[in-house]
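First the structure, in the form of structure tokens, and then the observations on it.
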Amino acid sequence: MKHDPIVELLDESRIGQEIVVCGWIRTFRNDTFIALNDGSTIKNLQLVIDRENFSDDVRKRLTTGAAISAKGELVASQGKGQTTEVKVTELEIHGEADPEEFPIQMKRHTMEFLREKAHLRFRTSTFSAVFRIRHGMTYAVHKYFHENGFYNVHTPIITGSDAEGAGEMFRVTTLDLNDVPKTEDGKIDVKQDFFGKEANLTVSGQLEAELAAMALGKVYTFGPTFRAENSNTSRHLAEFWMIEPEVAFADIVDNMDLAEDFMQYVVKYALDNYADDLEFLDQKERNDEKSKPQNERNELSLIERLKFVAENNFERITYTEAIDILRNSKPFKKKKFKFPVEWGIDLQSEHERFLVEKHFKKPVIITDYPASIKAFYMRQNDDGKTVAAMDILVPGIGEIIGGSQREERLNILMEKCKEFDIPEEHVWWYLDLRKFGSAKHAGFGLGFERLIMFVTGMTNIRDVIAFPRTPMNAEF
RNA sequence: UCCCCUGUAGCUCAGUUGGUUAGAGCAUCUGACUGUUAAUCAGAGGGUCGUUGGUUCAAGUCCAACCGGGGGAGCCA
């Protein structure tokens, strides 16, 4: 059915035209006024039903959630809440929504309740705003990389490489689980499986992206990623989307510059293109925070935070400097930290939060971590103790980006494999890259959902993805 | 996986030291009103108190196990 998106009918320029709209009823007030939403904008269009032209029977079926289309003239509104409205002449009800059963009402629901109604939560203002912004961020990611000379690479979702050490993996198999073929010594006979070897869902496209970068120069991946960790937190998913740029002839500083420029670009894109949705989420956050104690509220509003990030440089410190700051901090001296702070140990959430939310109050890039707490492929620094790693931490979410300059020297990488107990035959292709035209290169991984949390102000990662996959949860 | 909190109407919640027939607001239904803005006003219906077992004359309330949800931690993006 040919029809006009509501987003185009809200300002005065089309007043006087005959229009057709389709959408879902948010409320039907006073037996006369329909608030209609079609997903093209967070705002509703008001339809005015002349009671004399529409029977009681028709009006009775106009309930919250029903799908309708309407034809009529767009006129200047007589009421105060909107500039335009539709004087309806024809009305069609496509699908009723039984008010006794339809669970979504024109009032506040908890995020937990809506999470159980995953098929209907798109109909709410909050989630439609989140998913419009999510789309915009997807577009902004591709736009940024395309405009900066990067090529998108589709790295495999099913992978035979298992030495990345990035986390627990989901096994992929076509073997009959009720009758698994065994070898003579009682182990699973993987030779009979689909790929003739163990296969898993990818935990990262990085190693493959490196191969592409060392030919195409600048590449990025943007795809689904799977971690079979039993993580029950507001910032972990079993299935999430990750963005992984990889750049040849780049060092750790180039990498930081790229990450910061990228973050500022996509945040600015949201501010410039999704003002209505952000305004709504900004207001929602203020309302939600009214019930919280002062010290748990954000000092800046959502939109103020985004503007701040778009306009200010990130703080850059080394791991060693971070340890010094922590050891000289008030909470350390008053023994408020639960975990010890000393050079060589990994930073805990409480330490990261102090640095980002209390000390610097802005995104922080921490570099040059001890080699022992980072992955085997990260480039060893000249001090022999640290590697050229970088994590970007943002207020409220924590780690949003993790990256590094990669070890390009074959002999050092081979030593690292030994140290980390990674058999060379598992990563021969990755090592080969260092044999033939090796060069320094760097990249990072950015959790897309964590970016969406940051941009929308949503506090649970399950509420920024349409169908969250978490332990014991895959209903839809 | 660990620690803490929590589960009462469609939704959000109250329910006292265990004690009659289980409470409110919103939603729903009926009626009134008719330029409303989460419309308003009057009335009505709506409950296996997460599940199972236990203590007790008596359990929404106490105990145990299990199942869900939330917050925090670890792992990380």
Side-chain angles (χ1 to χ4, degrees), chain A residues 26-35 43-52 59-60 63-65 75 77-82 85 87 97-117 120 124-125 164-168 203-206 224-244 259 287 291-292 296 338-339 346-353 373-375 391-394 397-403 444-454 459-465 470-473 475:
Chain A
R26 282 288 170 81
T27 57
F28 182 39
R29 281 188 298 268
N30 220 342
D31 241 12
T32 307
F33 303 98
I34 297 171
K43 292 178 178 160
N44 300 327
L45 179 66
Q46 175 153 286
L47 309 184
V48 184
I49 308 289
D50 186 343
R51 278 192 305 283
E52 283 161 22
R59 294 206 309 277
K60 216 165 239 177
T63 59
T64 300
V75 298
S77 178
Q78 297 174 34
K80 277 182 181 167
Q82 57 284 317
E85 64 190 24
K87 219 172 158 181
D98 183 351
E100 304 249 18
E101 284 188 69
F102 188 67
I104 312 293
Q105 300 304 332
M106 189 63 183
K107 58 167 183 160
R108 290 188 60 223
H109 290 289
T110 58
M111 293 299 117
E112 296 80 51
F113 171 71
L114 292 170
R115 226 173 275 149
E116 291 169 6
K117 306 277 178 288
L120 294 173
T124 64
S125 299
E164 294 163 17
E168 290 296 311
V203 292
S204 165
Q206 179 205 315
T225 310
F226 308 88
R227 303 271 166 95
E229 307 284 349
N230 189 11
S231 295
N232 293 291
T233 79
S234 54
R235 55 188 192 285
H236 288 88
L237 291 166
E239 176 183 293
F240 63 101
W241 291 69
M242 188 152 66
I243 296 152
E244 295 176 289
N287 288 335
S291 58
K292 286 185 179 172
E296 284 177 28
K338 266 179 138 176
F339 293 89
D346 210 352
L347 298 177
Q348 303 291 322
S349 282
E350 59 177 359
H351 307 141
E352 295 180 347
R353 270 215 302 277
I373 59 173
K374 288 290 181 185
D391 284 358
I392 301 188
L393 313 175
V394 296
I397 292 157
E399 185 176 345
I400 198 166
I401 284 177
F444 61 82
L446 176 139
F448 187 57
E449 282 76 16
R450 290 188 181 172
L451 174 65
I452 304 302
M453 287 172 79
F454 183 70
T459 54
N460 193 313
I461 200 166
R462 299 168 194 206
D463 296 328
V464 297
I465 187 166
T470 52
M472 306 307 290
N473 184 357
E475 176 70 17

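Per chain, numbering begins at 1; letters A, B, ... match sequence-line order.
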*May I ask you to verify whether the side chain of A/His109 and the base of B/C11 hold a donor-acceptor pair under 3.5 Å?*
no
_Only pairs with both distances under 3.5 Å count, Watson-Crick or wobble alike; so what is the partner of B/A42 in this structure?_
B/U30
*In whole angstrom, give the distance that lies between atom CG of A/Asn473 and atom P of B/G68.*
10 Å
*Looking only at side-chain atoms of A/Ser234, point me to the closest of B/C29, B/C11, B/G72.*
B/G72
_Looking at A/Arg26, I'd like to know whether one of its side-chain N or O atoms comes within less than 4.0 Å of OP1 or OP2 on B/U36._
no
*Would one find a side-chain N or O of A/Arg29 under 4.0 angstrom from OP1 or OP2 of B/A39?*
yes
*Between B/U61 and B/C2, how far apart are the C1' atoms? Round to whole Å, please.*
29 Å
*Would you indicate which nucleotide in B/G74, B/G70, B/U37 comes nearest to any side-chain atom of A/Glu112?*
B/G70
_Measuring only the C1' atom in each nucleotide, how far is B/G25 from B/A65? A whole number of Å is fine._
36 Å
*Which whole number of Å gives the distance between the P atom of B/G70 and that of B/G23?*
31 Å
*Please walk me through it: do A/Asp391 and A/Ile401 pass side-chain contact (heavy atoms from CB on, under 4.5 Å)?*
CA-CA 6 Å; A/Asp391 284 358; A/Ile401 284 177; over 6 Å; no
*Just call it for A/Ile401: base, sugar-phosphate, or nothing, with non-hydrogen atoms closer than 4.0 Å on any strand.*
sugar-phosphate
*Report which part of the nucleic acid A/Phe240 touches: base, sugar-phosphate, or nothing (heavy-atom distance under 4.0 Å, all strands).*
base
*So which nucleotide from B/U12, B/A77, B/G74 ends up closest to the side chain of A/Thr110?*
B/U12
_5'-most by nearest nucleotide on RNA chain B - A/Met472 or A/Glu352_ = A/Met472
*Should B/G23 form a Watson-Crick or G-U wobble pair with both distances under 3.5 Å, which nucleotide is its partner?*
B/C13
*Does a side chain donor of either A/Ser204 or A/Glu244 reach within less than 3.5 Å of an acceptor in the other side chain?*
yes
*Looking at B/G70, B/C75, B/U37, which one has an atom nearest to any side-chain atom of A/Thr233?*
B/C75
*Cut-off 3.5 Å, side chains only: do A/Arg26 and A/Thr64 have a donor facing an acceptor?*
no
_Qualifying residue, where the test is side chain to side chain contact (heavy atoms under 4.5 Å, CB included) with A/Leu451 and the options are A/Leu446, A/Val394, A/Val464_ = A/Leu446
*Which value, in whole Å, describes the distance between the P atoms of nucleotides B/A27 and B/U37?*
13 Å
_Need one value for A/Gln82: base, sugar-phosphate or nothing, where a base atom within 4.0 Å counts as base even if backbone is also close, heavy atoms only._
base
*Establish, from distance only, whether the side-chain atoms of A/Thr110 and A/Arg115 form a donor-acceptor pair under 3.5 Å.*
no
*Out of B/A73, B/A77, B/U36, whichever nucleotide has its closest atom nearest the side chain of A/Asn30*: B/U36
*Atom NE2 of A/His351 to atom C1' of B/G74: distance rounded to whole Å?*
14 Å
*How is A/Pro103 classified with respect to the nucleic acid when contacts are heavy atoms under 4.0 Å: base, sugar-phosphate, or nothing?*
nothing
_NZ/A/Lys117: more than 12 non-hydrogen atoms of other groups inside 6.0 Å_ = yes
*What's the CZ-P distance between A/Phe28 and B/A27, to the nearest Å?*
16 Å
*Would you mind reading off the distance between A/Gln105 atom CD and B/G10 atom P, rounded to a whole angstrom?*
13 Å
_B/U28 versus B/G10 - spacing of their P atoms, nearest Å_ = 15 Å
_Closest to side chain of A/Phe113, choosing from B/C11, B/G70, B/U36_ = B/C11
*Tell me which nucleotide among B/C75, B/U34, B/G35 gets nearest to the side chain of A/Arg235.*
B/C75
*Would you mind reading off the distance between A/Leu451 atom CG and B/A77 atom C1', rounded to a whole angstrom?*
11 Å
*Identify whether any heavy atom of A/Asn232 sits under 4.0 Å from a base atom; if not, whether one sits that close to sugar-phosphate; answer base, sugar-phosphate or nothing.*
base
*Just checking A/Gly79: base, sugar-phosphate only, or nothing, at a heavy-atom cut-off of under 4.0 Å?*
base
_Check: B/U36 base within 3.5 Å donor-acceptor of A/Gln46 side chain_ = yes
*A/Arg51 side, atom CZ; A/Thr32 side, atom OG1 - distance, nearest 0.5 Å*: 4.0 Å
*For B/A22 versus B/U30, give the span between their P atoms, rounded off to a whole number of Å.*
27 Å
*Return the value, rounded to whole Å, for the distance between atom CZ of A/Arg450 and atom P of B/C76.*
11 Å
*asked:* Please pick, from B/U28, B/U37, B/C76, the nucleotide with the shortest atom-to-atom distance to any side-chain atom of A/Arg227.
replied: B/C76
*B/G50 and B/C3: how far apart are their C1' atoms, nearest whole angstrom?*
22 Å
*Can you tell me the distance, in whole Å, between the NZ atom of A/Lys338 and the C1' atom of B/C2?*
11 Å
*What nucleotide among B/C29, B/G68, B/C75 has an atom nearest to a side-chain atom of A/Ser231?*
B/C75
_Please tell me if A/Arg462 has a side-chain N or O lying less than 4.0 Å from either OP1 or OP2 of B/G70._
yes
*Rounded to whole angstroms, how far apart are NZ on A/Lys117 and C1' on B/A27?*
14 Å
_Taking only the P atom of each, what is the distance from B/C67 to B/U51 in whole angstrom?_
16 Å
*Once you round to the nearest 0.5 Å, how far does CZ of A/Phe113 lie from CD1 of A/Ile104?*
5.5 Å
*Would you classify A/Glu85 as touching base, sugar-phosphate or nothing, given that sugar-phosphate means primed atoms plus P, OP1 and OP2, and contacts are heavy atoms under 4.0 Å?*
base
*asked:* Any non-hydrogen side-chain atom of A/His236 less than 4.5 Å from a side-chain atom of A/Glu229?
replied: no
*In the structure shown, which nucleotide is the Watson-Crick or G-U wobble counterpart of B/G74, with both distances under 3.5 Å?*
none
*Which one, B/A73, B/A77, B/U36, comes nearest to the side chain of A/Ser77?*
B/U36
*May I ask you to say what A/Glu350 touches in the nucleic acid, namely base, sugar-phosphate or nothing, with a heavy-atom cut-off under 4.0 Å?*
nothing
